[in-house]
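To keep things clear, I will list the structure first and then write my remarks on it.
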Amino acid sequence: MLHRLKLGVLLQWLILFLLSPVYEASSLGLTVHVVPLEENGGKTVRAHFSVITPSPCPDLLAVCAAREDCQAHRTALPFSYTKPSPAWCVRQWQKTLPSNYNTFLKLGFQTEFYVSIKADPKIRANNGKLNRPPFVALPPPLRASVNCPADFHISTKDLDGDNVRCRFARADTGECRDCFPHNFLELDEASCTLTFTGKAAAGQYFIYLMAEDLIPSPPTRQILYNSPLSSVPVHLSLTVEESASGCSSNPLALDGTPERDSVQFVLPFQEVKFNANYKSDLESVLEIAVVGPPDLYRVGFVSISNLAKLTMAWIRSENNLTQLLPVCFVANTKSFQSGLQCVWLYQREIRTLPDGTELRCNQTEMSLLLPVTSLTNVDLDELQLNSPTCPVTHNSTHLTAHIPLGGCGTKAVHSGTELVYTNTLKSVHHTMISRRPSLILPLACRIPGAQVKGPQYAVGMPTERETFGEVMVWLEFHLPGQGPMARLTSTPRFRSNFLSSRRFRRDTGSESSTSNSSTQTGLHVEEKVKQLDLYVMSNCSVDRAEMIVTECMESETEDFTDSHPIMEKGCMMSNNTLEIITEHKTSKIYRLDINTMAVSGTKMYIECKINLCIATMPSDTCPDLCSNSSSSSMLIDSVFTSTYSIRSGPVSLMVATGPNPSQTATMPGTTPPASQIPNVTSTNPNTNTNTTASQGVAPEVATSRITGVILMTIAMFLQMAILQ
Ligand SMILES: *[C@@H]1O[C@H](CO)[C@@H](O)[C@H](O)[C@H]1NC(C)=O
Ligand SMILES: *[C@@H]1O[C@H](CO)[C@@H](O)[C@H](O)[C@H]1NC(C)=O
Ligand SMILES: *[C@@H]1O[C@H](CO)[C@@H](O)[C@H](O)[C@H]1NC(C)=O
Ligand SMILES: *[C@@H]1O[C@H](CO)[C@@H](O)[C@H](O)[C@H]1NC(C)=O
Ligand SMILES: *[C@@H]1O[C@H](CO)[C@@H](O)[C@H](O)[C@H]1NC(C)=O
Ligand SMILES: *[C@@H]1O[C@H](CO)[C@@H](O)[C@H](O)[C@H]1NC(C)=O
Ligand SMILES: *[C@@H]1O[C@H](CO)[C@@H](O)[C@H](O)[C@H]1NC(C)=O
Ligand SMILES: *[C@@H]1O[C@H](CO)[C@@H](O)[C@H](O)[C@H]1NC(C)=O
Ligand SMILES: *[C@@H]1O[C@H](CO)[C@@H](O)[C@H](O)[C@H]1NC(C)=O
């Protein structure tokens, strides 16, 4: 009896134990890219895992057990972002597994997930090769708002050209555990699009899908059930948030962002680079969250007012990654997320070179010798280097080219610790339609980087310091008609960037006469200033650089607990604040009307946020954030510094009026008399920045030991659509 009771308790305990999950969280997203291994007829596969876990980022120690054929992708540039909160990050690794595989995987202490892979070897009838399971691009954690319907298109590709279908994973066939359908989600299986109906309570939901590849069937036979060649797991998460501000305020992708699901071909050592550009009218973009291959560079994030952009770059070096590499990104604001965009990088296959090919590298040039007899049908006269003006010579047996490392369009890129110089010899068809084969021959000289340190190079992007110089930004305050630009501020011309955009007070008129009268009373008494000129200064001397002031606020306390905006998103908050037009593009002057500002005391503090910008197109200007006329191209075609916040010290609003008003002017470096107004606050952007812009090191080639590594690959292919 006692025995039976004990057993009952034990059973109960066991059941409880089984029911309560040991680990708190599921993954926030998972894909597995499965590549069958030829060695044993596809009975084993190389599985490339990408998993999104809540922060803190778990270490990768646990994913590869001892003696396992496994590689963890430790990257110096982890994908880690903040929205939805708490923050999250991506972990990637690859290991060899049986082609049919079901298991629980653990990552860190928080994340456990169940994966089920069905990729039994199947020989394809069309080419006699092993079938390759489909690829699914892992999106950043999805976000939506309560009562706001949304579509999430999950991007898929198949190297064999099969159709890819997504469906909900089924618990009864062992594809998932503790998974159940959500009634607020619909799935279009053929296009792999999830539709959120909006009818869900706020919370985080996990979605378990399987992606399957099917041999495309003729339209007439579509009704018949077509059984999949393989099934791979896709886990997603959807965070539904309460929204106070309606449904239609998601950031929108602008021109210059790669097309959805587009494919970019990458040759060995080639660098691919693309931008993501967004416009967000209601809330500014906090981050452009990206999930992509290890060592995808993300540089130059700027979010200025309602515009945001990020540059992504990837260099193909020797790698063990899959042939297709998805990059997915979204723009997150505090409460919204843009539509999901994915781009695929395709590592183009390379053929072996003709015997006798030689590429020699030395300190100054690479020289190519290419036997041409095997290159039948390639028109040698059509071959060009990056720069078409560089000579490529050939005779009946050989093609030769001497390519300077500093010319001919040769590019230098940092890859890991190497400095790699690349150029490409390729066919440029003179006629639009050509049935001749194209030759593409990537050439690379690799210089082991003894002096090249760390992976934090801003690849191919000049750094902020290189572009804008060593720049200092600071604030100054002067009475109207005084200070370094007294000439301008005594008879100012004004520009109104007031929110309503109404133009007013185009000319000086009463403004300057008021200021004259207040400073020329001749009385030696202290009185409160009526107007004050705020100078936002920089010593950037780069031609065509412009300053953009996005925000300024005033507070009577140093900590800005109670502050009043003067300017937001580049627009004045009141028609009493005017910009004084100057010819100096890298500084701005604003006339503050102290009387109408909500300052009751005798001092105030000012904080402004600024960026410097250079329009890269000669005819362009940097965007005028306050005007709706700025086109997205102004954002895309401009380079920006990161955003700098400059805060003033206390600015006294009492002034000793007198016949010698020039005393009140303070230049940087001079000591103002005590009790004077101006306080100059300067900020060196390069030490004050907390943005993601990387600081690069200019390549130093001359001193390096060039070991003359010869690396060469050849690709010959007929022009054809490889992937749509
Ligand atoms: C590729 O994998 C092999 C075997 O696991 C390993 O030895 C090699 O270092 C890897 N190469 C790279 C570039 O990660
Ligand atoms: C590199 O090689 C070219 C010829 O192949 C030669 O003219 C040049 O002087 C060499 N430069 C150096 C620094 O050795
Ligand atoms: C063609 O040029 C190569 C390299 O300059 C040379 O070695 C070869 O002898 C030349 N062949 C003929 C047939 O002129
Ligand atoms: C700007 O000022 C900083 C600090 O004084 C200085 O280091 C820098 O060289 C100056 N830049 C220019 C372009 O004058
Ligand atoms: C204002 O003062 C400036 C110089 O301080 C002077 O040149 C100008 O004539 C004055 N304007 C008026 C309207 O008094
Ligand atoms: C500024 O705006 C207020 C209200 O919008 C208006 O009453 C006032 O006349 C404006 N002032 C000027 C100088 O345009
Ligand atoms: C710019 O457009 C947005 C909506 O597109 C509107 O809300 C805003 O008021 C406009 N701003 C100006 C200055 O006209
Ligand atoms: C400006 O204010 C700061 C902070 O209060 C102070 O340390 C600094 O000395 C002031 N500078 C001038 C030029 O008055
Ligand atoms: C970046 O700077 C802003 C303003 O100076 C500050 O509020 C924020 O906490 C900083 N972020 C980081 C990551 O240091």
Side-chain angles (χ1 to χ4, degrees), residues 35 37 39 44-49 60 63-76 92-97 268-269 293-295 314-323 325 347 354-360 367-375 380 383 391-403 415-418 420 444 446 448 455 463-476 484 536-547 584-587 610 612 614 641 644 646 667-670 680-689 709 711:
V35 180
L37 297 174
E39 295 93 277
T44 58
V45 297
R46 192 71 173 172
H48 299 254
F49 289 87
L60 278 164
V63 301
C64 293
R67 286 187 303 278
E68 248 183 340
D69 186 358
C70 176
Q71 184 180 2
H73 296 294
R74 294 190 170 79
T75 167
Q92 293 169 309
W93 69 95
Q94 51 175 284
K95 61 164 57 166
T96 300
L97 299 173
F269 291 102
D295 297 327
W314 190 71
I315 294 171
R316 175 168 170 192
S317 54
E318 275 165 294
N319 65 67
N320 291 334
L321 304 174
T322 48
Q323 188 167 20
L325 299 166
Q347 305 201 61
D355 282 343
T357 306
E358 240 179 54
L359 182 73
R360 290 184 192 280
S367 52
L368 171 69
L369 183 68
L370 179 68
V372 293
T373 36
S374 59
L375 302 179
L380 299 178
L383 292 174
V392 177
T393 55
H394 59 87
N395 59 22
S396 56
T397 57
H398 287 84
L399 178 141
T400 55
H402 291 276
I403 308 152
S415 170
T417 60
E418 287 176 336
V420 182
R446 301 162 64 182
T463 62
E464 198 171 307
R465 201 183 293 239
E466 281 163 7
T467 312
F468 291 89
E470 186 85 31
V471 175
M472 181 99 126
V473 291
W474 69 92
L475 300 179
E476 289 183 26
V536 188
M537 307 284 284
S538 92
N539 70 348
C540 178
S541 57
V542 175
D543 196 32
R544 304 200 10 243
E546 290 175 47
M547 177 181 279
H584 299 279
K585 284 183 155 183
T586 55
S587 299
I610 67 120
L612 290 167
I614 297 173
T641 60
Y644 300 117
I646 339 168
M667 300 284 287
T670 63
V680 178
T681 306
S682 57
T683 302
N684 185 340
N686 288 322
T687 57
N688 197 35
T689 171
V709 182
L711 183 124

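Just follow the structure's listing: the first ligand is 1, and inside any ligand the first atom is 1.
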Exercise for review: Evaluate the side-chain contact (heavy atoms from CB on, under 4.5 Å) criterion for residues H48 and W93: first the C-alpha distance (whole Å), next the side-chain angles of each, then the deciding distance (0.1 Å), finally the verdict.
Suggested key: CA-CA 6 Å; H48 299 254; W93 69 95; over 6 Å; no

Practice item. Dump the intermediate steps for side-chain contact (heavy atoms from CB on, under 4.5 Å) on V392 and L399, then the final yes or no. Key: CA-CA 7 Å; V392 177; L399 178 141; 3.8 Å; yes

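Residue, atom and distance of the protein heavy atom nearest to atom 12 (C) of ligand 1 are N320 ND2, 3.5 Å. Remark: minimum distance from atom 11 (N) of ligand 3 to any protein heavy atom is reached at N395 ND2, 2.8 Å. The single protein non-hydrogen atom nearest to atom 7 (O) of ligand 3 is H398 ND1, 4.6 Å, given as residue, atom name and distance. Closest protein heavy atom to atom 5 (O) of ligand 3: T400 CG2, 3.9 Å.
L325 has its side chain within reach of W314: a pair of non-hydrogen atoms, C-beta onward, lies under 4.5 Å apart. Under the 4.5 Å side-chain criterion, counting only non-hydrogen atoms from C-beta, L321 is in contact with H73.
Checked by atom type, the side-chain pair N395/T397 shows a donor-acceptor distance below 3.5 Å. Under 3.5 Å, the side chains of T96 and T44 contain no donor-acceptor pair of N or O atoms.
No N or O atom of S541 sits closer than 3.5 Å to an N or O atom of ligand 4. Ligand 1 has an N or O atom lying under 3.5 Å from an N or O atom of Q71, backbone or side chain.
By the definition of a contact as any protein heavy atom under 4.0 Å away, atom 14 (O) of ligand 1 is in contact. Atom 9 (O) of ligand 1 is not flagged as protein-proximal [any protein heavy atom, distance under 4.0 Å].
Here is the list of ligand 3 atoms found below 4.0 Å of a heavy atom in S396: 13 (C). Close approach of ligand 3 to L369 is summarised as follows: ligand atoms under 4.0 Å from at least one heavy atom of the residue are 4 (C).
The CZ atom of R360 sits 7.0 Å away from the OG atom of S367 when rounded to the nearest 0.5 Å.
For atom 2 (O) of ligand 4, the candidate residues are V471, N539, V473, V542; the nearest heavy-atom contact is made by N539.
For CG of D543, the number of neighbouring non-hydrogen atoms (other residues, nucleotides, ligands) closer than 6.0 Å is 12 at most.
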